[in-house]
Number of protein chains: 2
Amino acid sequence: MSIVDAAAGVFCREGFAGANIDLIAAEAGVSRQTVYNHHRDKEKLFIAVVRDLTERCNAGIFATIATFPDQPGDLEADLIGFAVRLNQNCICNRDGKFLRKLIQTEGERYPELFAEWREQGPGRTWPAIAARFARLAYGGHFTIDDPDVAARQFLGLVNAELQATFMLGGTPREDEVVQSATNGVRTFLRAFGKRPSPTGVKKHTALANA
Amino acid sequence: MSIVDAAAGVFCREGFAGANIDLIAAEAGVSRQTVYNHHRDKEKLFIAVVRDLTERCNAGIFATIATFPDQPGDLEADLIGFAVRLNQNCICNRDGKFLRKLIQTEGERYPELFAEWREQGPGRTWPAIAARFARLAYGGHFTIDDPDVAARQFLGLVNAELQATFMLGGTPREDEVVQSATNGVRTFLRAFGKRPSPTGVKKHTALANA
DNA sequence: GACGATTTGGACAAGAGTGTCTAAATTTGT
DNA sequence: ACAAATTTAGACACTCTTGTCCAAATCGTC
């Protein structure tokens with residue numbers, strides 16, 4: 001395991017103040033001196049960790065956004081699949097979990113660093129998702145007023161049932177992710193879908209592959 | 001300011017490891033020895049802080065749930081008012097912000113303590129809100145399949161636009177809270193409201209008083 | 001095989017924080 | 001006003017951590 005990977009784990013578990021360089025070195029399988037050789041001090045190491053995580057997470061999110069169903073066959077199933085991929089590949093994986101925790105934990109201590117994240121992360125990914133929704137709406141699959149609002153509400157809905165787990169830093173099981181996404185997408189489509197389908201519930205299988 | 005209040009602030013800012021007892025004593029306006037007299041050690045003090053916050057937050061949430069509109073005049077405006085009260089009085093205030101941060105930061109270090117929170121917090125408040133929604137549905141104001149899912153989605157929707165702010169430990173402005181609640185409730189009612197109102201947008205003022 | 005670069009382990013100084021102790025000062029109740 | 005309880009300031013031992021220094025060992029490359 002690389003030094004920054006090991007450091008990410010320790011910083012997440014112990015917080016910045018509680019993180020021990022000796023422990024990081026041990027988990028990385030190198031000597032303490034090597035840690036200091038590569039990264040001048042604890043703070044520089046921390047910054048390197050956040051930058052690394054932000055970069056990797058963003059790459060994953062954009063790769064997943066590229067799989068957005070622009071020409072859906074079954075709109076409900078396709079959106080559920082997209083939501084599940086987004087969660088499993090970007091938010092629930094190791095990088096996503098770590099980055100989320102570091103932002104929550106140390107966000108106030110490094111305003112510039114996390115302002116940067118905010119711009120590069122939600123500031124770029126949310127509009128990208130909104131654009132995909134706008135396209136679907138333009139194609140006649142939706143009736144939405146504001147694509148940006150719709151995108152944020154989509155994310156809020158498909159994660160609605162995972163909040164408590166995220167709070168405690170846990171990782172939801174795959175079936176919980178699928179369940180939350182399924183319920184969220186159904187509500188989303190009841191609100192914005194073309195046919196205001198009544199209570200009728202169709203049976204669909206979520207495609208959870210990458 | 002009491003010792004636990006001061007400790008709450010310092011634990012939140014600095015994390016458990018980074019929190020300094022001298023600083024807590026100074027902010028509480030007492031000597032360090034007094035802190036040790038009241039709470040045997042740092043860990044006991046931390047536990048007292050979390051218990052205190054959990055208790056106060058729960059009281060606030062249940063007080064707010066008591067204002068749920070059981071017999072709504074204007075359903076949309078009443079739900080927006082409820083959502084705004086919930087956010088302003090329970091989630092965005094000092095106690096809510098601190099409890100959220102402590103759970104995110106130290107949740108993994110004290111599993112029993114935060115399992116307790118989970119039972120006393122979401123475990124009791126979510127069903128309570130769900131029961132109110134079930135009552136509205138039974139009264140013919142809604143068409144919902146599962147009140148529990150609907151309650152979680154309601155919370156997810158009205159907070160959808162505040163996520164990034166919560167992440168960084170910030171406090172959203174009142175108008176942001178109202179905006180998010182308004183958009184969320186409108187979408188919620190488009191999905192579950194009795195009359196599947198089209199894109200039509202009515203003008204309503206959110207009652208944001210306590 | 002030899003040479004330069006990197007890594008290693010261990011020692012080290014400096015600083016910070018926890019928790020204890022004690023005697024003096026202050027508050028509280030009566 | 002007095003006695004008991006509490007609070008205070010300061011010193012203290014102890015532990016832990018950071019960051020530096022250095023000589024020996026290891027590695028990579030030619």
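The structure presented is a predicted model; accordingly, all values stated were derived computationally and were not measured. Proteins get letters first, then strands, A, B, ... in listed order; numbering begins at 1 in each.
Scanning residues 15-26 of chain A for heavy-atom distances under 4.0 Å to DNA chain D yields A:Ala19, A:Asn20, A:Ile21. Contact check of residues 41-51 of chain B against DNA chain C (heavy atom, cut-off under 4.0 Å) returns B:Asp41, B:Lys42.
Partners of B:Arg32 according to the salt bridge (charged side-chain N to carboxylate O under 4.0 Å, His left out) rule, which considers only residues two or more places apart in sequence or in another chain, are B:Asp22. For A:Ala59, there are no side-chain contact (heavy atoms from CB on, under 4.5 Å) partners two or more places apart in sequence or in a different chain. With sequence neighbours excluded, the residues that form a side chain to side chain donor-acceptor pair (under 3.5 Å) with A:Arg56 are A:Asp5, A:Asp52, A:Asp95. Not counting sequence neighbours, the partners of B:Phe46 by the ring-ring contact (aromatic ring centres under 6.0 Å, His included) test are B:Phe11, B:Phe16, B:Tyr110. Remark: B:Asp70 pairs with B:Arg132 by the side chain to side chain donor-acceptor pair (under 3.5 Å) rule, at least two apart or across chains. Listed by chain and number, the residues in a side-chain contact (heavy atoms from CB on, under 4.5 Å) with B:Pro127 amount to none (sequence neighbours excluded). Residues satisfying the side-chain contact (heavy atoms from CB on, under 4.5 Å) test with A:Cys92, not counting sequence neighbours, are A:Asn87, A:Gln88, A:Phe166, A:Thr171, A:Pro172, A:Val177.
Put simply, A:Thr34 has a side-chain N or O that comes within less than 4.0 Å of OP1 or OP2 on C:dT8.
In this structure, B:His38 reaches the sugar-phosphate backbone alone: every heavy-atom distance under 4.0 Å involves primed, P, OP1 or OP2 atoms, never a base.
With A:Thr64 contributing its side chain and A:Gly60 its backbone, the two residues share a donor-acceptor pair below 3.5 Å.
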Using atom names, set out every protein N or O paired with an N or O of nucleotides 23-25 of chain C below 3.5 Å, distance rounded to 0.1 Å.
none

Could you list the protein-to-nucleotides 20-28 of chain D atom pairs, N/O on both sides, closer than 3.5 Å?
unit_1 : atom_1 : unit_2  : atom_2 : d
D:dC21 : N4     : A:Gln33 : OE1    : 2.8

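For the helix from C:dG1-D:dC30 to C:dT30-D:dA1, the terminal axes (five pairs an end, C1' atoms, rotation from four pairs onto the next four) enclose an angle of 40°, given to 10 degrees.
Rounded to an integer number of Å, the gap from A:Phe11 CZ to D:dT17 C1' is 13 Å.
Checking each of B:Val50, B:Leu53, B:Leu99 against B:Trp117 for a side chain to side chain contact (heavy atoms under 4.5 Å, CB included) leaves exactly one that passes, namely B:Leu99.
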